[in-house]
Structure formats: C-alpha cells, structure tokens
Amino acid sequence: MGRLVAVSTFILLNIAGVASRPATTNNAMLDIFQLQHQSQLAKLLPGTFNTTGLACPSIRKRREWRTLSDIEKADYISAVKCLQSTPVKTPQLPQVKSLFDQFQAVHITVADSVHVAVCFHPRTTFSCSKVLSKGQFLPWHRYFLQVYEKSLRDKCSYKGDIPYWNWSLDVDNGKKFSESPLFSADAKIGFGGDGVRGTYVPPEDPTGDNRIVSPDFYHGCVQDGAFAGLTLQLGPGRNVGPHCLTRGLDNDVAAATLNSNSVAYALTMPEFESFRTEIEGQPVMDGPRTHDGGHIAIGGEMSNFYSSPGEPLFYLHHAHLDHIWWKWQNADPEKRMYQVTGRTTPEDDFRNVTLEFPLSVGQLDPGHGARIGDMMNIRQQPNCYDYE
C-alpha cells in the first residue's frame with residue numbers, strides 16, 4: 001500500500017485516538033500537562049489587539065539553506081547540536097534532558113491544541129464533518145520557530161537566522177527528493193540521509209494513540225551526517241524512552257506534494273481560511289498538501305503528529321511554510337496582513353480565533369506567551385525578520 005493511501009486510511013480509522021486515549025501512565029501524565037497548558041492560555045494577554053505595531057530597529061533575513069556558505073551551514077548545525085547538549089532547569093516533561101528535547105516536549109504537549117480539532121461520535125465512529133483544522137496553526141508555529149531561533153542565539157551564541165528549505169527545488173523537473181543536498185552525509189554541514197533499514201522498529205500502536213501511521217514510514221536510524229547517533233528521549237508519538245533519530249524518505253510523496261505547482265496553487269487562495277487548510281492538508285483536505293506532505297516524505301520521527309520536532313529538519317520545513325504564508329500575506333497586505341480565521345475547538349459551542357487569541361509554548365517561554373496578532377506582521381516587533 002502506497003504511503004499516501006496509508007496516511008488516508010490511518011486518519012479515517014485511527015485518528016479517534018485523539019479523543020479516546022487509553023489511560024496509560026505516560027498519557028495520563030501528558031494529559032495533566034495539557035490541562036496545565038490550557039490553564040496557562042486562559043491567563044495570557046487579555047485585552048484588545050492593536051494592529052499598529054512597533055517598528056523594528058533592524059530586520060533579520062532568513063535565507064534558503066543552499067544560499068548559506070559552508071561556514072554558515074556549519075555554524076547553524078553546531079548551534080543545533082549545542083541545544084542538544086544544553087540542560088534545562090524546568091523540563092516540560094520528566095524525560096527531557098536537553099533544550100532540544102524541551103522543544104519536542106512542548107510540541108507533544110500542545111499538538112492537540114494547535115493542529116487538528118477532532119470531534120467524534122460517542123462510539124468513536126469517524127465523522128468527517130467534525131474534523132477541522134485550527135486557526136492558530138500557522139501563527140503558533142511562527143511563534144514556536146522564533147523561540148527556537150532565540151534559543152539558538154541566547155544559549156548557543158548563534159549569530160545567524162533559521163534557514164528555510166525550499167523543497168520544491170528538490171522535486172521539480174523530475175528530481176529525486178532523496179538526492180537533496182540537505183541529506184548530505186557530511187558530518188559538519190549535512191543533515192544525513194535516509195534511515196538504514198533493519199536498524200529500528202517502531203513500537204506498536206494498535207489504538208492509534210501515538211499516531212504511528214505505519215512501520216513502513218520508519219526505514220531505520222540515521223547513520224550519517226551531523227546527526228548520526230543522535231538519541232531522542234521522547235517519541236515516537238507520546239511514547240517516552242531513548243531511541244535513534246529515524247527517517248523513511250519517500251520520493252513519490254515529495255513529488256506529489258512539495259512541487260512548485262502545489263505552492264503556487266496554495267498562493268491563489270483568496271482567503272486565509274482556504275489558504276491555511278490548503279497548506280495544512282489532511283484530514284480536512286482529501287490528501288496531503290505541503291505541510292503534511294513534507295512530514296510524510298521525510299518519514300520516521302518527522303512523520304509523527306506529536307514528536308516531529310525531534311527531527312532537526314522540522315524547523316527548516318516549517319520556516320518555509322512560514323515563508324509561503326508571508327508571501328500570501330504580502331500579495332494583498334491591506335486585506336491579508338491581519339486576516340485570521342478558524343475554530344479553536346471542535347465542539348458546537350466553539351470559539352473562533354481572533355487576533356487576541358493567546359499562544360503558549362509552555363516552559364520554553366514561561367510567563368510570557370504571545371497573541372496571534374503579535375505574530376501576523378513579521379516586519380514589526382516582536383518579530384523583526386523577513387525572507388530572502
């Protein structure tokens with residue numbers, strides 16, 4: 001069964017785990033943290049958002065990975081590896097050992113709050129009419145990336161910006177995704193290639209609770225490049241326990257979802273509502289799009305709904321999605337710069353997102369948080385960046 005078909009089948013049959021998890025110790029602990037997260041959201045940043053933002057003293061530039069010099073690439077990868085060895089004082093989850101783990105833990109904790117809103121029949125029968133992507137998805141990830149970028153600078157003395165990965169350059173005109181220069185085996189400037197088959201078997205997930213779509217997505221451990229031998233403490237899914245960084249590259253999924261025509265089509269969407277659902281993909285759309293297509297094409301840890309930030313390429317992928325959103329905003333800035341729509345929950349008494357809606361990244365930015373409105377114009381404070 002092809003990976004695109006496997007994903008669709010999994011969503012239809014197993015996504016009910018979001019609403020009806022078994023009461024295991026790990027999931028019970030995660031549910032406590034998720035309740036704490038919701039409580040924190042309720043306290044953050046009340047009031048009306050003013051779209052007249054503060055000017056930036058300077059504008060940083062995020063660049064496509066290939067335009068960086070080898071020295072700049074090495075500096076970025078060195079900073080990421082620094083995060084992977086930087087301890088944290090207040091872990092988001094008990095298994096967190098490094099600041100890099102902390103980002104993964106936060107995503108595991110809040111994934112259900114910022115991605116898909118799912119509501120099910122009492123007997124967990126799938127109801128497509130109740131599957132909705134959440135309006136905070138793009139603004140929350142914009143905030144998440146900025147906190148990650150700030151951590152690279154503040155904790156690891158990184159002087160640059162998060163690069164983005166324009167994967168269309170790797171799939172257009174019949175190119176093979178797996179031959180992208182980002183998958184270089186170079187220990188200083190490469191993210192490493194595909195997982196080595198026979199080196200890893202993902203844990204079973206009979207309930208779908210951990211969103212481990214198929215063992216076929218996990219070819220094995222990454223054994224070359226800068227992150228060869230990386231040990232993750234969390235995942236896949238809501239599981240905990242040390243395991244290798246895994247991948248399962250899929251050229252067919254990449255060719256179908258990451259090509260420049262797919263991006264161009266998303267940019268033709270007239271409203272934020274249609275744009276965000278076209279970018280995010282399943283289960284609202286009838287198949288993967290650029291967001292979930294990138295996750296699935298890389299496979300392994302990256303294919304997991306919860307634990308995907310354990311893959312260092314997660315941040316470059318989402319930086320490009322943010323880049324595409326910024327292009328869409330700038331195509332009609334008067335109308336689109338502060339346009340945001342979508343539900344916050346799937347229930348019938350739902351709230352729609354607004355510019356005042358609070359965003360939280362838990363222990364990564366304790367006591368602060370942001371509002372969606374703060375994230376809309378990247379050339380104003382607190383953002384102050386742009387894309388080349």
Answer with yes or no whether the hydrophobic clustering places [X] together with [Y]; edges join I, L, V, M, F, W, Y residues whose side-chain heavy atoms lie under 4.5 Å apart.
X    : Y    : answer
V147 : L145 : yes
V196 : L230 : no
I59  : W325 : no
I189 : L152 : no

So do the side chains of [X] and [Y] get within less than 4.5 Å of each other, counting heavy atoms only?
X    : Y    : value
N210 : Y306 : no
L321 : T290 : yes
L359 : F144 : no

Taking the side chain from [X] and the backbone from [Y], do they hold a donor-acceptor pair closer than 3.5 Å?
X    : Y    : value
T344 : V353 : no
W328 : M269 : yes
K155 : L83  : no

(request) Kindly determine whether S262 and T257 satisfy side-chain contact (heavy atoms from CB on, under 4.5 Å), including the steps that lead there. (result) CA-CA 6 Å; S262 296; T257 61; 5.5 Å; no
Please list all pairs passing the salt bridge (charged side-chain N to carboxylate O under 4.0 Å, His left out) test where one or both residues lie in [range], with sequence neighbours left out.
range            : result
residues 138-154 : R60-E149, R62-E149, R142-D322, E149-R153, K150-D154, R153-D161
residues 376-388 : K61-D386, R63-E388, R379-D386
residues 76-89   : none

(message) Can you confirm if the aromatic rings of F191 and W165 lie within a centre distance of less than 6.0 Å?
(response) no
(request) Would you please indicate yes or no on a ring centroid separation below 6.0 angstrom for H291 and F137? (result) yes
(message) Ignoring hydrogens and geometry beyond distance, is a side-chain donor-acceptor pair present between D101 and Q95 at under 3.5 Å?
(response) no
(request) Determine whether the side chains of D75 and S78 contain a donor N or O and an acceptor N or O closer than 3.5 Å. (result) no
Closest heavy-atom pair and its distance - [X], [Y]:
X    : Y    : value
W65  : P163 : CE3-CG, 3.6 Å
P215 : P202 : CA-CG, 3.8 Å
S85  : P87  : O-CD, 3.5 Å
L245 : G310 : CD1-O, 3.7 Å

(request) Name all residues meeting the ring-ring contact (aromatic ring centres under 6.0 Å, His included) criterion together with Y164; count only those two or more places apart in sequence or in a different chain, and write none if there are none. (result) H320, H323, Y387
(message) Restricting to ring-ring contact (aromatic ring centres under 6.0 Å, His included), what partner residues turn up for Y76, sequence neighbours left out?
(response) Y158
(message) Nearest 0.5 angstrom please: Y200 OH to Q223 CD, how far?
(response) 14.0 Å
(request) Mind running side-chain hydrogen bond (donor to acceptor under 3.5 Å, both in side chains) on S98 and Q84 for me, showing each step along the way? (result) CA-CA 5 Å; S98 72; Q84 293 169 352; over 6 Å; no
(message) Please determine whether side-chain hydrogen bond (donor to acceptor under 3.5 Å, both in side chains) holds for the pair H295 and E311, giving the CA-CA distance in whole Å, both sets of side-chain angles, and the decisive distance to 0.1 Å.
(response) CA-CA 10 Å; H295 281 264; E311 165 62 75; over 6 Å; no
(request) Using the test side-chain hydrogen bond (donor to acceptor under 3.5 Å, both in side chains), find all partners of Q102 that sit at least two apart in sequence or belong to another chain. (result) none
(request) Check the surroundings of atom NZ in K335: do more than 12 heavy atoms from other residues, nucleotides or ligands lie under 6.0 Å from it? (result) yes
